[in-house]
Asker: 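The structure follows.
Heavy atoms only: backbone and side chains are in, while hydrogens, waters and symmetry mates are out. Please read these numbers as outputs of a predicted model, since none were measured by experiment.
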Amino acid sequence: LPSYKPGQFLGFKLDVSGLEKPVLRTYTISDSPNEGTHYRLSIKREPPPKDHPEMPPGVTSNHFHDHLNVGSELQIRAPSGDFFLQEDSSGPVVLLSGGVGMTPMISMLNHLGETDSQRPVWFIHGVRNGAEHAFGPHVRGLARSHDNVDAHIVYMEPGPNDEKGRDYNGSGFITMELLQGLLPEPKGDFYLCGPPPFMKSLFNGLL
């Protein structure tokens with residue numbers, strides 16, 4: 001398989017039942033580049049919007065979950081995208097994500113861990129609660145096994161089974177005040193991926 005850079009995505013052309021034309025979608029590869037053995041995707045099943053339950057659920061995410069099995073064949077475009085880890089830098093890496101924007105950050109984090117990079121790495125992620133939090137134990141495990149990796153998880157609305165200190169570090173939103181308190185200095189390579197309000201707030205704040 002063609003290799004890729006940490007953070008890049010695959011393009012899909014999907015024949016979805018009930019639709020006349022194929023659907024085009026992109027999904028980020030959620031693991032570090034390997035020897036060309038596989039690609040991993042981590043696709044959240046999207047339900048109807050909470051404020052509009054009468055609307056249909058996510059077309060392609062539900063197609064993946066409901067209709068694809070071992071042996072299914074897919075039409076895929078080779079990995080591409082200009083959002084990826086810049087490896088020609090030696091400064092700190094700050095991976096900022098919200099919700100499903102975590103997938104490219106997991107790819108970058110795994111790559112930094114597997115290559116034994118000595119760059120300081122901050123993995124900062126915001127999500128609604130533990131029910132929607134993917135890769136939690138994996139990220140905490142990498143932070144424990146790599147002295148240069150720090151992880152900080154923020155839950156918007158912690159659930160009754162979510163434990164502070166075990167599942168998350170703080171509640172509310174990721175803000176510039178939080179980043180200024182966490183990061184030892186404002187220098188570094190910052191990567192952002194998440195919902196539009198998250199992106200706009202942090203992008204303008206970082207500038």
Side-chain angles (χ1 to χ4, degrees), residues 6-7 27-28 30-31 40-53 55 57-58 61-62 65 83 85 91-113 119-207:
Y27 285 101
T28 304
S30 64
D31 204 356
R40 182 177 74 173
L41 305 179
S42 303
I43 301 173
K44 177 187 175 185
R45 180 194 289 272
E46 292 291 350
K50 291 184 177 180
D51 51 346
H52 291 285
M55 294 181 65
S61 70
N62 283 271
H65 281 275
F83 179 68
L85 182 68
V93 178
V94 184
L95 306 174
L96 293 165
S97 60
V100 295
M102 171 187 271
T103 49
M105 307 309 180
I106 289 292
S107 178
M108 297 180 194
L109 180 67
N110 284 0
H111 179 70
L112 289 164
R119 300 172 67 180
V121 179
W122 288 86
F123 186 95
I124 303 171
H125 178 65
V127 66
R128 184 169 301 279
N129 51 43
E132 299 185 11
H133 183 194
F135 296 109
H138 173 72
V139 170
R140 288 191 293 274
L142 282 177
R144 285 193 299 267
S145 61
H146 293 75
D147 293 337
N148 61 315
V149 175
D150 286 280
H152 190 90
I153 307 300
V154 178
Y155 282 0
M156 290 173 53
E157 302 171 358
N161 297 321
D162 296 330
E163 182 179 325
K164 188 174 183 180
R166 181 195 68 184
D167 304 307
Y168 68 102
N169 302 96
S171 57
F173 297 91
I174 297 175
T175 64
M176 286 306 303
E177 289 74 20
L178 173 66
L179 297 183
Q180 289 168 335
L182 286 176
L183 304 177
E185 57 181 345
K187 298 177 182 179
D189 293 345
F190 289 78
Y191 297 85
L192 286 79
C193 189
F198 168 91
M199 296 281 288
K200 182 177 180 180
S201 172
L202 293 183
F203 181 80
N204 290 336
L206 288 170
L207 285 180

Asker: State, yes or no, whether a side-chain contact exists between Phe123 and Met108 at a heavy-atom distance under 4.5 Å.
Answerer: no
Asker: For the CG atom of Leu85 and the OH atom of Tyr191, what is their distance to the nearest 0.5 Å?
Answerer: 4.5 Å
Asker: What are the two closest non-hydrogen atoms of Pro57 and Asn62, and how far apart are they?
Answerer: CB-ND2, 3.5 Å
Asker: Glu185 and Pro92: which non-hydrogen atoms are nearest, and at how many Å?
Answerer: OE2-CG, 4.2 Å
Asker: Please list all pairs passing the salt bridge (charged side-chain N to carboxylate O under 4.0 Å, His left out) test where one or both residues lie in residues 119-145, with sequence neighbours left out.
Answerer: Lys44-Glu132, Arg119-Asp189, Arg128-Glu157
Asker: In Å, rounded to the nearest 0.5 Å, how long is the span from OH of Tyr27 to CG of Leu41?
Answerer: 8.5 Å
Asker: Between Ser107 and Asp31, what is the shortest heavy-atom contact and its length?
Answerer: OG-O, 2.8 Å
Asker: So which pairs with a foot in residues 163-184 pass salt bridge (charged side-chain N to carboxylate O under 4.0 Å, His left out), sequence neighbours left out?
Answerer: Glu163-Arg166
Asker: Indicate yes or no for a side-chain donor-acceptor contact from Ser201 to the backbone of Pro197 under 3.5 Å, with no hydrogens or angles considered.
Answerer: no
Asker: Going by side chain to side chain donor-acceptor pair (under 3.5 Å), name the pairs with one or both residues in residues 147-156, residues two or more places apart or in two chains.
Answerer: His133-Tyr155
Asker: Locate the shortest heavy-atom distance separating Leu206 from Leu179; write the atom from each residue and the value.
Answerer: CD2-CD1, 4.3 Å
Asker: Taking atom CE of Met105 and atom CG of Leu192, what is their separation to the nearest 0.5 Å?
Answerer: 6.5 Å
Asker: Nearest 0.5 Å, what's the CG-CG distance between Leu202 and Leu178?
Answerer: 9.5 Å
Asker: Looking only at non-hydrogen atoms, find the nearest pair between Asn110 and Ser30 and report the distance.
Answerer: ND2-O, 4.4 Å
Asker: Please report the shortest heavy-atom distance between Asp162 and Gly130, naming the atom on each side.
Answerer: OD2-N, 3.1 Å
Asker: Roughly how far apart are Leu109 CG and Leu95 CG, rounded to 0.5 Å?
Answerer: 6.5 Å
Asker: Does any part of the side chain of Thr103, heavy atoms only, come nearer than 4.5 Å to the side chain of Ile43, both counted from C-beta?
Answerer: no
Asker: Nearest 0.5 angstrom please: His65 NE2 to Arg45 CZ, how far?
Answerer: 5.5 Å
